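What follows is a single structure, written as structure tokens, with notes after it.
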Amino acid sequence: MELSDIVKEAFGKAYPGEDFGGVRVLPATDPKFGDYQCNDALKFAKKAHANPREVGAKVAEALKGNDVFEKVEIAGPGFLNLTVSGGWLNAQLSALDSKPACGIPQKGAGKKIVIDYSSPNAAKQMHIGHIRSTVIGCAIDRIFRSLGYDVIADNHLGDWGTQFGILIKGYRELLTDEERENLTVANLEKCYVLSAAKAKEEDGVWKDACRAELVKLQQGDKDNLALWKRFIDISIGEFDRMYAKLGVKFDTYRGESYYNDTMPGVVAKLQEMGLAVESEGALVVNLEAEKLGVAIVRKSDGGYNYTTSDLACVKTRVEEYDPERIIYVTDARQQLHFKQWFSIAAKMGYTTKLVHVPFGLMSYQGKAISTREGNLIKLDELLAEAKRRAYDIVKERGGDETLAEQIGYGAVKYSDLSHDPITDIDFSWDKALALEGNSGPYLQYAYARVCSLLEKASGGADRDGSFLVATPAEKRLALQLLEFPGAVVRAAEAYKPSVLADYLFQTAQLYSSFYQSSPILKSEPSVRAARLKLCALFGKVLSMGLGLLGIDTPRHI
Ligand code: ARG
């Protein structure tokens with residue numbers, strides 16, 4: 001039985017007939033208050049106009065004779081400080097150890113969700129700014145899958161829009177034959193920049209020509225469609241190369257263009273429902289009542305926009321998958337866009353839970369990342385640099401390139417995931433690759449160290465013993481390990497992989513204090529076996545947790 005249920009039952013015994021559904025037992029904020037605490041005697045006393053310490057005393061009395069708690073104390077104005085018994089703790093550890101996936105509850109069984117992340121714009125190289133949606137989205141994806149959800153990871157590529165007129169015109173006239181033949185995303189990007197600059201020329205000739213190419217594309221012109229398709233294929237090929245390095249996999253790659261045919265119907269429905277009205281030639285939905293301004297759903301030139309495409313996309317996803325929720329991971333500058341169209345979707349009758357997970361800006365060495373600053377580092381270069389720097393560190397220990405990738409990419413990912421997504425972060429090589437402190441390599445080393453300890457301990461024989469928590473350092477680590485499933489649930493509920501990262505870092509710190517204060521291999525057999533069990537469980541939890549963050553856990557570093 002869960003601790004909360006045990007204490008709930010005691011409340012019921014002390015005060016029959018009352019509702020104690022909300023009673024919660026939480027880990028103690030400080031070990032001096034015991035192992036766990038419960039603050040509900042206070043809440044109940046307020047409601048029942050009773051003396052909180054008396055309520056606490058009655059509940060403590062009802063908990064007597066229970067073999068879960070070794071000690072129940074009433075502190076301050078009625079807090080219950082709970083100390084668990086060794087027997088209970090050992091049994092819990094062994095239950096956690098034997099459960100699949102370290103006890104992560106399968107809350108999502110039978111539920112489908114869509115996660116829309118990474119979603120870069122085609123024909124542009126991915127740069128350092130794209131790392132956040134990809135890495136945060138991938139971690140949220142893995143966390144939800146671990147909870148048993150049926151996740152559809154969709155890469156909503158920006159693969160439609162005016163830029164394709166500019167690109168097609170540029171491709172035809174500004175690239176060399178050689179560049180056209182060996183078309184790369186880098187060439188496409190160059191072609192876009194050159195063509196866009198020409199489109200700014202005063203006579204407007206180039207701009208009109210780009211526009212004409214766009215119209216041809218939109219009308220289904222065979223040549224332009226084939227070119228567009230080629231640009232998209234090349235872009236996806238390049239993106240996939242990055243995803244392979246980052247260990248990211250999508251179930252679908254449905255770009256904005258996928259919804260082209262659905263948009264007119266959505267707009268017609270908005271008009272029919274009286275939600276969209278004409279304004280200066282455009283069609284708009286007025287959201288002033290919710291202080292969300294006005295959202296354009298059809299531009300005055302008849303074209304659709306980002307809002308229209310997201311509305312068409314939600315219609316398709318709901319009809320096709322009927323998901324329990326849809327999660328969108330994008331930068332925080334898109335918050336108004338999501339608020340606007342979430343509100344329109346609700347008015348249209350969509351009841352699916354729509355969640356926007358916004359993340360802050362990434363800067364580099366204190367400067368915003370922008371073309372103008374000249375620090376728009378390509379993702380490819382960032383990963384190459386991470387690998388190079390990690391290689392410098394691991395080669396002294398005989399590490400190879402694969403290890404350098406695991407450490408380097410892990411460092412880049414963790415330096416992002418260890419922050420609450422909404423905060424702005426400044427990327428720093430020194431911090432990311434630090435071997436001490438809250439970094440990816442620190443946690444990977446902790447894992448490798450525990451693996452080598454277990455190997456040294458002569459295989460599995462020692463681990464067949466049972467858990468036997470005795471010292472305070474063992475107990476703190478043990479209590480922390482029991483919190484793993486809860487940390488995964490909290491990370492999912494908050495859509496913050498950082499909750500899990502924090503948990504893992506704290507766990508590694510408690511492991512390190514335990515390790516420093518407790519001899520293992522040289523202890524007498526029963527202590528040695530019990531400590532090895534704890535080490536093995538720590539290794540299991542750490543590697544499972546890092547895996548959920550998309551970080552590899554090499555056994556040897
Ligand atoms: N392509 C957009 C960007 O680069 C992100 C798309 C996010 N997904 C969505 N359904 N709006 O910012």
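The basis for the numbers below is simple: all heavy atoms, side chains too, and nothing from hydrogens, waters or symmetry mates. In listed order, ligands and their atoms are each counted from 1. As the structure is a prediction and not an experimental result, all values here were calculated from the model.
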*Do the ring centers of Y304 and W160 come within less than 6.0 Å of each other?*
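No, the ring centres sit 6.0 Å or more apart.
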Salt-bridge contact [X]-[Y] (side-chain N to carboxylate O under 4.0 Å):
X    : Y    : answer
D380 : R241 : yes
D420 : K496 : yes
K395 : E401 : no

*N438 side chain vs F505 backbone, donor-acceptor pair below 3.5 Å*: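 No, N438 side chain to F505 backbone: no donor-acceptor pair under 3.5 Å.
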Identify all N/O pairs between ligand 1 and the protein with a separation under 3.5 Å and present them as a table of atom names and distances.
| residue | atom | partner | partner atom | Å |
| --- | --- | --- | --- | --- |
| ligand 1 | 1 (N) | S119 | O | 2.9 |
| ligand 1 | 1 (N) | N121 | OD1 | 3.1 |
| ligand 1 | 4 (O) | S119 | O | 3.4 |
| ligand 1 | 8 (N) | D116 | OD1 | 3.0 |
| ligand 1 | 8 (N) | D116 | OD2 | 3.4 |
| ligand 1 | 10 (N) | D116 | OD2 | 2.8 |
| ligand 1 | 10 (N) | D310 | OD1 | 2.8 |
| ligand 1 | 11 (N) | Y306 | OH | 2.8 |
| ligand 1 | 11 (N) | D310 | OD1 | 3.3 |
| ligand 1 | 11 (N) | D310 | OD2 | 2.9 |
| ligand 1 | 12 (O) | Q334 | NE2 | 2.8 |

Pairs of donor and acceptor atoms involving the side chains of residues 279-298, under 3.5 Å and at least two apart or interchain, shall be tabulated with distances.
| residue | atom | partner | partner atom | Å |
| --- | --- | --- | --- | --- |
| N286 | OD1 | E288 | N | 2.8 |
| E290 | OE1 | S343 | OG | 2.5 |
| E290 | OE2 | K347 | NZ | 2.8 |

